[in-house]
Visitor: 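Quick one: the structure is below, questions incoming.
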Amino acid sequence: MDIAAILREVHESVGQSADRGAVATYIPELADIDPGLFAMSVVLADGSQHSVGDAAMPFSIQSISKVFALALALGRLGDRLWFRVGREPSGLAFNSILQLEHEKGIPRNPFINAGAIVVTDAVLSHHAPREYLGELLRFIRTAAGDDDIHINRAVARSETESGHRNFALAHFIRAYGNLVNPPDLTLGAYFHQCAVEMSCDQLARAGRFLMGAPGMPRLVSPGRVRRINALMLTCGHYDGSGDFAFRVGLPGKSGVGGGILVIAPGRASIAVWSPGLNAQGNSKLGTEAVELLARRAGWSVFG
Ligand code: GLU
């Protein structure tokens, strides 16, 4: 398979599209990004990497960080984590508060905001936010094999000042006794975690530990890799998760910065970035690009 040729084709047919979705504006610091940017990078099981577009340009990974935070939390707490957060798709928006009251402060899954806030709280419980963020950065840098990965403090500050829904979620969860730390502390860590910046080149390499292929970094056990991939497939795109599974057929986690990390188990780690989002808050062209790539490469977890 000529992956470089497939990537060129994807870049030509999708990367130039006129209908690019809408950039997220609820985090003011992210609102000015150029919607014309596009990048894609693929690491194959043989370790080779292939990229197109603005693949060396760092962007805000936002909710893609929830994958790395979950890997850390499972390493620290193991299956005890599942007493505090569920494993079901929510069918609701990423920042929805609706289910929380019915389900008594136990968020549906670790990838909606409420669940990710609980995961961060769980990893944080015996650490200062600075230590947790240091550990998270170490994990991501080791996964990517690259120390040049940092947190954009202006983005974190911007979200701290404007993230009223996340504050509401955290306080609501705390009222049900499912938040151990003061909401400000947990959210401070959560906003900084979301403000990690990576390029598509770095993100595709950071996803190698989820490929389950020989020779790739082994940061979590094979059993955990399968579970993280299962959650990415069922919950990684919020209320667009079913449609992503239907169209792409691979586990993926999106972020409102317009990035998506996609895993073709045993075959590839894929990062795509286009800042314009669809109605569910997932990268519009990113989804189209990875759909085309998966079809051309014949990658799917469904056969
Ligand atoms: N920091 C964002 C928030 O909490 C992440 C959302 C996302 O990337 O989907 O609203």
Side-chain angles (χ1 to χ4, degrees), residues 21-31 33 58-70 85 89-98 100 107-121 124 129 132-133 136 140 151-173 179 183-198 200 203 206 231-232 234-241 243-244 252-262 271-284 286-287:
V23 167
T25 52
Y26 77 98
I27 303 174
E29 192 69 24
L30 296 182
I33 191 89
F59 62 91
S60 196
I61 68 167
Q62 289 296 319
S63 284
I64 302 170
S65 68
K66 295 170 181 174
V67 174
F68 305 111
L70 176 64
V85 61
S90 72
L92 292 167
F94 68 101
N95 56 5
S96 173
I97 202 165
L98 274 179
L100 267 185
R108 272 284 169 112
N109 67 67
F111 292 151
I112 51 173
N113 283 10
I117 291 167
V118 167
V119 169
T120 299
D121 185 73
L124 200 55
Y132 161 63
L133 292 167
L136 184 76
I140 295 175
I151 292 171
N152 184 325
R153 292 188 190 278
V155 172
R157 198 176 325 113
S158 180
E159 197 172 0
T160 308
E161 285 160 6
S162 60
H164 305 295
R165 285 191 79 109
N166 286 324
F167 280 100
L169 289 171
H171 281 276
F172 206 69
I173 296 166
L179 209 71
D184 286 5
L185 198 83
T186 298
L187 283 178
Y190 171 76
F191 292 143
H192 281 80
Q193 153 195 327
C194 289
V196 168
E197 290 190 338
M198 295 169 83
C200 269
L203 186 58
L231 288 164
M232 287 169 71
T234 52
C235 312
H237 282 74
Y238 310 120
D239 45 340
S241 299
D243 193 55
F244 189 86
K253 181 71 205 88
S254 68
V256 290
I260 311 177
L261 173 64
V262 182
V272 63
W273 175 50
S274 171
L277 308 179
N278 61 23
Q280 285 78 34
N282 305 307
S283 176
K284 181 176 183 298
T287 304

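Please read these numbers as outputs of a predicted model, since none were measured by experiment. Order of appearance sets the numbers: ligands from 1, and atoms from 1 within every ligand.
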Visitor: Identify the heavy atoms of Phe191 and Glu159 that sit nearest to each other, and give their distance.
Guide: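 Looking at all heavy atoms of both residues, the closest pair is CD2-CD, 3.4 Å.
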Visitor: Mind checking whether Phe244 and His237 have parallel, tilted or perpendicular rings, split at 30° and 60°?
Guide: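 Parallel.
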Visitor: For ligand 1, what N or O to protein N or O distances fall under 3.5 Å?
Guide:
{"residue": "ligand 1", "atom": "1 (N)", "partner": "Gln62", "partner atom": "OE1", "Å": "2.5"}
{"residue": "ligand 1", "atom": "1 (N)", "partner": "Glu159", "partner atom": "OE1", "Å": "2.9"}
{"residue": "ligand 1", "atom": "1 (N)", "partner": "Glu159", "partner atom": "OE2", "Å": "2.8"}
{"residue": "ligand 1", "atom": "4 (O)", "partner": "Asn113", "partner atom": "ND2", "Å": "2.9"}
{"residue": "ligand 1", "atom": "4 (O)", "partner": "Glu159", "partner atom": "OE2", "Å": "3.1"}
{"residue": "ligand 1", "atom": "4 (O)", "partner": "Asn166", "partner atom": "ND2", "Å": "2.9"}
{"residue": "ligand 1", "atom": "4 (O)", "partner": "Tyr190", "partner atom": "OH", "Å": "2.7"}
{"residue": "ligand 1", "atom": "8 (O)", "partner": "Ser63", "partner atom": "N", "Å": "3.0"}
{"residue": "ligand 1", "atom": "8 (O)", "partner": "Ser63", "partner atom": "OG", "Å": "2.7"}
{"residue": "ligand 1", "atom": "8 (O)", "partner": "Val256", "partner atom": "N", "Å": "2.8"}
{"residue": "ligand 1", "atom": "9 (O)", "partner": "Ser63", "partner atom": "OG", "Å": "2.9"}
{"residue": "ligand 1", "atom": "9 (O)", "partner": "Tyr238", "partner atom": "OH", "Å": "2.6"}
{"residue": "ligand 1", "atom": "10 (O)", "partner": "Tyr26", "partner atom": "OH", "Å": "2.5"}
{"residue": "ligand 1", "atom": "10 (O)", "partner": "Asn113", "partner atom": "ND2", "Å": "3.2"}
{"residue": "ligand 1", "atom": "10 (O)", "partner": "Glu159", "partner atom": "OE2", "Å": "3.4"}

Visitor: Classify the ring geometry of Phe94 against Tyr238: parallel below 30°, tilted from 30° to 60°, perpendicular beyond 60°.
Guide: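 If you compare the ring of Phe94 with that of Tyr238, the planes turn out tilted.
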Visitor: Testing the basics here: between Cys200 and Ala271, what is the closest heavy-atom pair and its distance to 0.1 Å?
Guide: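 Looking at all heavy atoms of both residues, the closest pair is O-CB, 3.5 Å.
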Visitor: Going by the rule salt bridge (charged side-chain N to carboxylate O under 4.0 Å, His left out), which residues pair with Asp243 if we only count those two or more places apart in sequence or in a different chain?
Guide: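 Here the qualifying residues are Arg247.
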Visitor: Looking only at non-hydrogen atoms, find the nearest pair between Gly21 and Lys284 and report the distance.
Guide: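 Shortest heavy-atom contact: N-CD, 3.5 Å.
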